[in-house]
Amino acid sequence: MLRYMTAGESHGKGLMAILEGVPAGLTLSARDIDRDLKRRMKGYGRGKRMAIECDRADIVAGCRKGVTIGSPVGIFIKNRDFKINTLPDVFDPRPGHADLAGVMKYGFKDARDVLERASARETASRVASGAVAKVLLREFGIEILSHVVSVGPVSADVGKLSFQEIKERVRNFGKLNCAEPKAEKAMCREIDKASEKGDTLGGSFEVMVSGAPPGLGSYAQWDRRIDAAFARALMSIPAVKAVSIGRGMESARSMGSDVHDVITYNRAGKCFGRSSNNAGGVEGGVTNGQTIMVTGFMKPIATLMSPLATVNMKSKRKSGASRERSDTCAVAACGVVAEAVVAIEIASAFLEKFGSDSVEEIRRNHKAYLEAVKNI
Ligand code: EPS
């Protein structure tokens, strides 16, 4: 079981993450985390905050001489733009953000008290947490990537590409971490058009996981189904409004004979296989050893430079929504955050199955299990 919590406000002193359940014996350095923190800040259409911050992880607990010791791992990410106590109050709640709902929930008079925590800035601490999970998973040959599938009305045609093919194509992230250069150019044009109009765009991204063994998660209880865990994890990312696994919503329009993945067997390798992977690596809430494919659908950023109408909380008169500094499009960044939250769910299920005290003990259990699966 791997649990994590985050803390920190967008313009506070910094962001924190605490991971409980990281096994002892894992070599962990800030570099492993900084790589993903940097990727989260990239992507065509990201806002001016990305030019201010230089997100770096300070591992403040859970390690000794660069190796985890089984105690909670604590990470701190300093905010350069630390000015929470001098920023103006906000009385014109933005449609699409947590502003008004948050003011109602907590009885605030000023929506700044909401947006400071509701801001997507919090996702930096999610990415830091997920980066630790990725280091653990890489020890067992499990790799995770994301790529942008659509921005606004423009979609990339990458459906049949394998994990390795996608990995090769997005190796340098590019402008939008999209695996199809022609589509990426069209997406950037859409982002330019939205920006010129003071509008924003959303889109969709796919997280792919290679090397996960069969048997993670369980059909035995609702809250152990790993596809449900992926769905909750992605839905918890700001602006994500839908999640699908494998062929997802298209499955609902298709016949069973077209959707379910025929089972094959490779005698030489003594391993089961599939003729397709419409299930996206999960059947019955359990990983089946195929590539895991989870798609997230992100609504357009809520802050518009040509603001929508709102109601001023003091005068109750119609006004324009407050204009907080923001992004035009953050789909690529959202994909990086989704990699992190999927990594945490997989690592948690992995530790539940193979033990969670030390990497060496997990290695023994994982090796024995793979042998046993070969002999079913
Ligand atoms: C973001 C940090 C925020 C926003 C943006 C993304 O920083 P600031 O408010 O200082 O500009 O730029 O937040 C949102 C898009 C949002 O809806 O909250 C980040 O670090 O990802």
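Hydrogens, waters and symmetry mates play no part in the numbers below; they use all other heavy atoms, side chains included. If you read the sequence from its start, that first residue is 1, and numbering goes on from there. Keep in mind that this is a model prediction, so the values were computed, not measured. All ligand and atom numbering here is 1-based and tracks the order in the structure.
Nearest protein heavy-atom neighbour of atom 5 (C) of ligand 1: D327 OD1, 3.3 Å. Shortest contact from atom 17 (O) of ligand 1 to any protein heavy atom: H97 NE2, 2.9 Å. For atom 18 (O) of ligand 1, the closest non-hydrogen atom on the protein side is A120 N, 2.9 Å. Counting protein heavy atoms only, atom 3 (C) of ligand 1 is closest to S119 OG, 3.7 Å. Protein heavy atom closest to atom 4 (C) of ligand 1, with residue, atom name and distance, is R325 O, 3.9 Å. Protein heavy atom nearest atom 1 (C) of ligand 1, with residue, atom name and distance: M50 CE, 3.7 Å.
A salt bridge between E116 and R112 is present, with a side-chain N of the basic residue lying under 4.0 Å from a carboxylate O of the acidic one. A salt bridge is absent between R56 and D58; no separation between the charged side-chain nitrogens and carboxylate oxygens falls under 4.0 Å.
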### Message
Using salt bridge (charged side-chain N to carboxylate O under 4.0 Å, His left out), reason through E196 and K193 one step at a time and then give a plain yes or no.
### Response
CA-CA 5 Å; E196 282 148 24; K193 278 172 14 190; over 6 Å; no

### Task
Applying salt bridge (charged side-chain N to carboxylate O under 4.0 Å, His left out), run through E360 and R363 and close with a yes or a no.
CA-CA 5 Å; E360 283 322 305; R363 207 183 301 284; 3.3 Å; yes

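For NZ of K42, the number of neighbouring non-hydrogen atoms (other residues, nucleotides, ligands) closer than 6.0 Å is greater than 12.
In terms of N/O distances under 3.5 Å, ligand 1 is not approached by S326.
Counting heavy atoms closer than 4.0 Å to ligand 1, residue R46 contributes side-chain atoms (C-beta onward) but none from N, CA, C or O.
Using cut-offs of 30° and 60° on the angle between ring planes, the pair F350 and H366 is tilted.
Closest heavy-atom approach to atom 21 (O) of ligand 1 among the candidates R121, R49, R40: R40.
Side chains of R126 and R40 form no contact here, defined as non-hydrogen atoms less than 4.5 Å apart.
Residue-ligand proximity, H11 to ligand 1, at heavy-atom distances under 4.0 Å covers atoms 8 (P), 9 (O), 10 (O).
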